[in-house]
Trainee: 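I have a structure here, written as structure tokens, and I will follow up with some questions on it.
Just so you know, these numbers use all the heavy atoms, side chains as well, and skip hydrogens, waters and symmetry mates. Below, chain A is the first sequence line, B the second, and so on; all start at residue 1.
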Number of protein chains: 2
Amino acid sequence: MDDTEQRILDAALRVFASEGFTGATTRRIAEEANVAEVTLFRKFKSKKNLLKEVLINNQTVFSSLEDLFQLFQNEKDVDLETELRILGKNIAKAMRDKKKDSKRRMFMFMLFEEGRRRPEVSEALSSFLQMNIKPLSEYFDLQIKNGKMRTTNSRSAAITFVSYFVYTSLLREVFGDSFFGEHDEEIERFIDIFTKGILKVEEN
Amino acid sequence: MDDTEQRILDAALRVFASEGFTGATTRRIAEEANVAEVTLFRKFKSKKNLLKEVLINNQTVFSSLEDLFQLFQNEKDVDLETELRILGKNIAKAMRDKKKDSKRRMFMFMLFEEGRRRPEVSEALSSFLQMNIKPLSEYFDLQIKNGKMRTTNSRSAAITFVSYFVYTSLLREVFGDSFFGEHDEEIERFIDIFTKGILKVEEN
DNA sequence: CATGTAAGTAAGTAATTACTTACTTACATT
DNA sequence: AATGTAAGTAAGTAATTACTTACTTACATG
């Protein structure tokens, strides 16, 4: 809505993401937003409240996974493995491409730290995570119904899937690409395991 | 070695874990260790240096996964799924039981945050993660050789396995047990997916 | 032109915090 | 008994930080 407010919110997201909540200073946020520090306090009473507003401001944006799924819901003739492979690569691509997304991921990560101490934060974080896991669960339920997926707990499958992407994107953020090799190949291997499992199947 | 030093190191681990590096104060650490603040500075020049020493002090302790594997290396007649199930539950148990471990996990988690800004920290963290992933990879390589596991990239398998436990233990730490249900059941379901995959297998 | 609004400038306050200095106490070793 | 060592006490410094107050400037609207 308000240009100044939005600039402060954006700057806060960036600074919180890179410095953590405790490490972020209101001065630095104000600088980054090109406003006087006092303006920040006029608009958002306190630093704590600013964090809360950043959370509210980004709630819809955070649920980016949801969009990606809409691509798939209707096509019933593609096999599941291919579909997941495409999905995985899209997620990875979305993570890699947008610099803004990197900030958002780091912000989310900061929320984990902060959430341990502040219940409001952990609540917001929880609902965000549910937002990612829920559509994935529903997608898996659909696949089970369509007979493409064996009967497993869809939520567990979703958590397993999300675990991998959250964890590896975290590692990439901290260590750069040195920790593993090529992004897409790594994902291929994960999808292979996720779909087919690691067990050797006896051939009859 | 030195009782006082060790008490400070232990206290630092706890406080860093619960407050983060920036949030932790030297006063609080000193209190927690029952020493005068000045003693802390005499022993460990600076707060930064204290973090470094905590890292060094806990390097061996962190590689707890390694111990768990020694249980398995020799038994060749147990099937892989059962073995992994037991391993998974042991990891979960180790995470749940020891309060000290909770602090260590949170400390590790703090390192992720801090590692983005301090290369020495991310280095230490990296070598710790390798310590967990490496024995697991080797274990998988052995299973492949023994014909119990199909040929996949063992490192990818290890990362997938570790992802799940890191991510879920993180969630449990932040949200308590409310986020998912019973620990052991959840792990059963993960192992089921990890070993057999989610795809429906055509029956001939 | 008058008034209200959104923003800035400048200065400051009170608390916190990493870290220091100077001196003291308690204890162990020679 | 003398000396060294590890620890404490007390006080303080310089910087930072969240947040406030008082006043000013620029602009838009009636």
Trainee: Under the side-chain hydrogen bond (donor to acceptor under 3.5 Å, both in side chains) test, which residues partner B/Ser154, sequence neighbours left out?
Mentor: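 Here the qualifying residues are B/Asp141.
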Trainee: Report the residues that fulfil side-chain hydrogen bond (donor to acceptor under 3.5 Å, both in side chains) with B/Glu173, sequence neighbours left out, ordered by chain and then residue number.
Mentor: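 If we apply the side-chain hydrogen bond (donor to acceptor under 3.5 Å, both in side chains) test to B/Glu173, skipping adjacent residues, the hits are B/Ser102, B/Arg105.
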Trainee: Any residue in residues 17-26 of chain B with a heavy atom nearer than 4.0 angstrom to DNA chain C? Just list them by number, or reply none.
Mentor: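 Of all residues in residues 17-26 of chain B, the ones placing a heavy atom under 4.0 Å from DNA chain C are B/Ala24, B/Thr25, B/Thr26.
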Trainee: Checking side-chain contact (heavy atoms from CB on, under 4.5 Å) between A/Ile198 and each of B/Thr160, B/Ile144, B/Leu80, which is the one that passes?
Mentor: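 Testing A/Ile198 for a side-chain contact (heavy atoms from CB on, under 4.5 Å) against B/Thr160, B/Ile144, B/Leu80 leaves exactly one candidate, B/Leu80.
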Trainee: If you look only at pairs with a residue in residues 42-54 of chain A, which of them pass as a side chain to side chain donor-acceptor pair (under 3.5 Å), with sequence neighbours excluded?
Mentor: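 Checked against side chain to side chain donor-acceptor pair (under 3.5 Å) - neighbours excluded - the pairs reaching residues 42-54 of chain A are A/Asp2-A/Lys43.
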Trainee: Quick check on contacts: within residues 39-50 of chain A, what sits under 4.0 Å from DNA chain D by heavy-atom distance?
Mentor: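 Only A/Phe41, A/Ser46, A/Lys47 qualify.
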Trainee: Walk along DNA chain D from 5' to 3' and tell me the first and last nucleotide with an atom closer than 4.0 Å to a non-hydrogen atom of chain B.
Mentor: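 Contact boundaries, 5' end first: D/dA7 to D/dT9.
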Trainee: For B/Tyr167, what residues pass the ring-ring contact (aromatic ring centres under 6.0 Å, His included) criterion, not counting sequence neighbours?
Mentor: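 Expected list: none.
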Trainee: Using salt bridge (charged side-chain N to carboxylate O under 4.0 Å, His left out) as the criterion, list what pairs up with A/Glu19, not counting sequence neighbours.
Mentor: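 With neighbours one apart ignored, the set is A/Arg28.
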Trainee: Mark yes or no for whether B/Ser126, through its side chain, and B/Ser122, through its backbone, hold a donor-acceptor pair below 3.5 Å.
Mentor: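 Flag not set: sc B/Ser126 to bb B/Ser122 has no pair under 3.5 Å.
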Trainee: Indicate yes or no: at least one non-hydrogen side-chain atom of A/Ile159 is less than 4.5 angstrom from one of A/Leu136.
Mentor: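 They are not in side-chain contact.
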Trainee: Please list every donor-acceptor pair under 3.5 Å in which a side-chain atom of residues 185-194 of chain A meets a protein atom from a residue at least two apart or in another chain.
Mentor:
{"unit_1": "A/Glu186", "atom_1": "OE1", "unit_2": "A/Arg189", "atom_2": "NH2", "d": "3.0"}
{"unit_1": "A/Glu186", "atom_1": "OE2", "unit_2": "B/Ser156", "atom_2": "OG", "d": "3.2"}
{"unit_1": "A/Glu188", "atom_1": "OE1", "unit_2": "A/Arg85", "atom_2": "NE", "d": "2.7"}
{"unit_1": "A/Glu188", "atom_1": "OE2", "unit_2": "A/Lys89", "atom_2": "NZ", "d": "2.8"}
{"unit_1": "A/Arg189", "atom_1": "NE", "unit_2": "B/Ser156", "atom_2": "OG", "d": "2.8"}
{"unit_1": "A/Asp192", "atom_1": "OD1", "unit_2": "A/Lys196", "atom_2": "NZ", "d": "2.9"}
{"unit_1": "A/Asp192", "atom_1": "OD1", "unit_2": "B/Arg150", "atom_2": "NH2", "d": "3.1"}
{"unit_1": "A/Asp192", "atom_1": "OD2", "unit_2": "B/Arg150", "atom_2": "NH2", "d": "2.6"}

Trainee: Sequence neighbours left out, what passes salt bridge (charged side-chain N to carboxylate O under 4.0 Å, His left out) with A/Arg7? Give chain and number order.
Mentor: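 Residues passing salt bridge (charged side-chain N to carboxylate O under 4.0 Å, His left out) with A/Arg7: A/Asp3.
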Trainee: Looking only at heavy atoms, which two atoms of B/Ser137 and B/Arg155 are closest? And how far apart?
Mentor: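 Shortest heavy-atom contact: OG-CA, 3.5 Å.
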Trainee: Test of understanding: with side-chain hydrogen bond (donor to acceptor under 3.5 Å, both in side chains), list the residues that count as partners of A/Thr26, not counting sequence neighbours.
Mentor: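 Expected list: A/Glu37.
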Trainee: Counting a pair only when it is Watson-Crick or G-U and both distances are under 3.5 Å, which runs of at least 3 such pairs involve DNA chain C?
Mentor: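 In DNA chain C, stems of three or more pairs: C:1-30 with D:1-30.
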Trainee: For B/Val38, report the nucleic acid contact type (base, sugar-phosphate, nothing); a contact means any heavy atom under 4.0 Å.
Mentor: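 Base, at least one base heavy atom under 4.0 Å.
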